[in-house]
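Comments concern the structure below.
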Amino acid sequence: MPPLIDHTTHFIAGRWSAPDTATFPDRNPFTDEVVAQVAAGTRQHAQAAIDAAHAAFPAWAAMPPGQRQRLFLAAADIVERRAEDFVRLLAAETGTASGFARFQIRWSVDLLRQAAGWGYRPAGDVLRSDTPGRFAMAVRKPLGVVAGFAPWNGAFCLAWRTVVLPMAFGNTMVLKPSEEAPLSAGLVLAEVLEEAGFPAGTFNVVTHGPGDAGPIADAFFESPHVRSINFTGSSATGRMLAERAGRALKRIVLELGGYNPLLVLDDADLDLAVNTTAFGAFFHQGQICMNTRKVLVDRSIADAFVEKLAAKTRSLPMGDPAAPGTVIGPLINDRALAQVRQRVDEAVALGARVVTGGRANGRVYEPTILVDVPATAPVSCEETFGPVLIVQPVDNPEQAMSEALATPYGLCAGILTRDAQRGLALAERFDCGMVHINGATMAGEPAMPNGGVKDSGWGRSGHYAIEDFTEVRLTTLTQGALQYPV
Ligand code: NAD
């Protein structure tokens, strides 16, 4: 385990608070062992963190870009140095196998290094005015305090995404990690940023017990100092928080769930299609927002595709995420396991057939392929956050498109074809944030504008986040006397 300073404290105003008397056990989803006792924070802790972030904001916003750049680069070096600590922590706390853990660490380091330079982006525009003698500037300014909700599933890299985008553009942060990953999506970030030398109050973390996010969220929504909410999580929670943001007239960025289709056209390379699908559907045991949920495969190759995919799926190593080579680890908790079981059982009761999988060993649910799934089965349209994939043969790309578009979600999609023109023409027609031609639905580089539309939310990552975490203020200067009508 990494040398955490103390699990039972929050990080507020550059200090580890006194140990909280209220704590909860943070459990390993594979072994059920207690990884740490963690502080069960309250609204008062959140308020103290907001006050600290508010006090730190003017100096952080005014800090010269070169100075801020050095801090982000130092943080990247620390993450790189502690990589093996974080691989072990992600396995223990979130059931993440080493392949995905190492991906998350690399991704976070790259994001920190790229964001280090964003302070040098142009700060706005000089505008032409119709008024003689008027000089006008549209200047981008940070918002103030941003409150971040980080999820447990891509705990480490999504927590870094939650904080780095706002902070790189001059905002200060209060981070509330998911109760399923208070260390890897919260407290370890504080350790890194403290060691890197980020000024006190610029970054704060408040943890809370299971089911107790409400009072922390109350503090965020009711404080006039919190100017934006940066949320990653389910569409249901996002919708509820968006309603609150509307009432409080606060900005909110929503990175939500998805129901992500992969189209396999008749000219696709079969082996590439099988490998792309197995990775897209089952990596991190299907607990990534961008995992493939449904494959729409041309009927002419469907039988061969299913046979090869089933063989590949059965070969994926399952079990202890801390063991080298494991690909499929446990689901995060019993609730998640029960939902996956229920969705598969409902589909089978309605006539679906399990090609492979469909059983659990502890919380490790076998990667599962379903065919003949009726449209009435919830798994055919609702995000099921686990290793369950539907394969549906289609007669032509038109039918594939109409099936793929029949979802309220709009996160990502993939198209496999040897014909780039055909791929681009189909990609144009998707109503989602990200389409990958000849790639898995799951692809995300820190520089790219990840994000969704419709029920998958809004907001874009990479440097595109300047739109979400700054606002444009107009300043004009007029030389000479203006003529007014009164
Ligand atoms: P969730 O909505 O249950 O929880 C997300 C966060 O919301 C957690 O921090 C939780 O503590 C908080 N929360 C829950 N109830 C709350 C309430 N009543 N008030 C205030 N806060 C509350 O989601 P989850 O199950 O933790 O995460 C999985 C979901 O997140 C999936 O739907 C997945 O697709 C989505 N996700 C999306 C992205 C993306 O980038 N689009 C990335 C990762 C996960």
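Whatever order the structure lists ligands and atoms in, that order sets their numbers, starting from 1. Excluded from the calculations below are hydrogen atoms, water molecules and symmetry mates; all remaining heavy atoms, backbone and side chain alike, are included.
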Could you walk me through whether E80 and R113 satisfy the salt bridge (Lys or Arg N to Asp or Glu O under 4.0 Å) test, starting with their C-alpha distance in whole Å, then the side-chain angles of each, then the deciding distance to 0.1 Å, before giving a yes or no? CA-CA 11 Å; E80 220 163 35; R113 294 206 172 120; 2.8 Å; yes

Would you mind listing each N/O atom of ligand 1 next to any protein N/O under 3.5 Å, plus the distance?
from	atom 1	to	atom 2	distance (Å)
ligand 1	2 (O)	S234	N	3.0
ligand 1	2 (O)	S234	OG	2.6
ligand 1	2 (O)	T237	OG1	2.7
ligand 1	9 (O)	K176	NZ	2.9
ligand 1	11 (O)	K176	NZ	2.9
ligand 1	11 (O)	E179	OE1	2.7
ligand 1	23 (O)	S234	N	3.3
ligand 1	26 (O)	W152	NE1	2.8
ligand 1	30 (O)	G233	O	3.2
ligand 1	30 (O)	S234	N	3.4
ligand 1	32 (O)	E383	OE1	2.6
ligand 1	34 (O)	E383	OE2	2.6
ligand 1	40 (O)	R161	NH2	2.8
ligand 1	41 (N)	L256	N	3.2
ligand 1	41 (N)	L256	O	2.7

Parallel, tilted or perpendicular: rings of W60 and F198 (30°, 60°): tilted

Are more than 12 heavy atoms, taken from residues, nucleotides or ligands other than R121, located less than 6.0 Å from that residue's CZ atom? yes

Would you say the rings of F469 and Y464 are close, in the sense that their centroids are separated by under 6.0 Å? no

Are R88 and E93 close enough, and set up right, to give a salt bridge (Lys or Arg N to Asp or Glu O under 4.0 Å), and what steps lead you there? CA-CA 9 Å; R88 282 194 295 277; E93 188 181 45; over 6 Å; no

Where at least one partner belongs to residues 205-222, residue pairs that pass side-chain hydrogen bond (donor to acceptor under 3.5 Å, both in side chains), sequence neighbours excluded: R43-E222, K176-H208, D218-R244

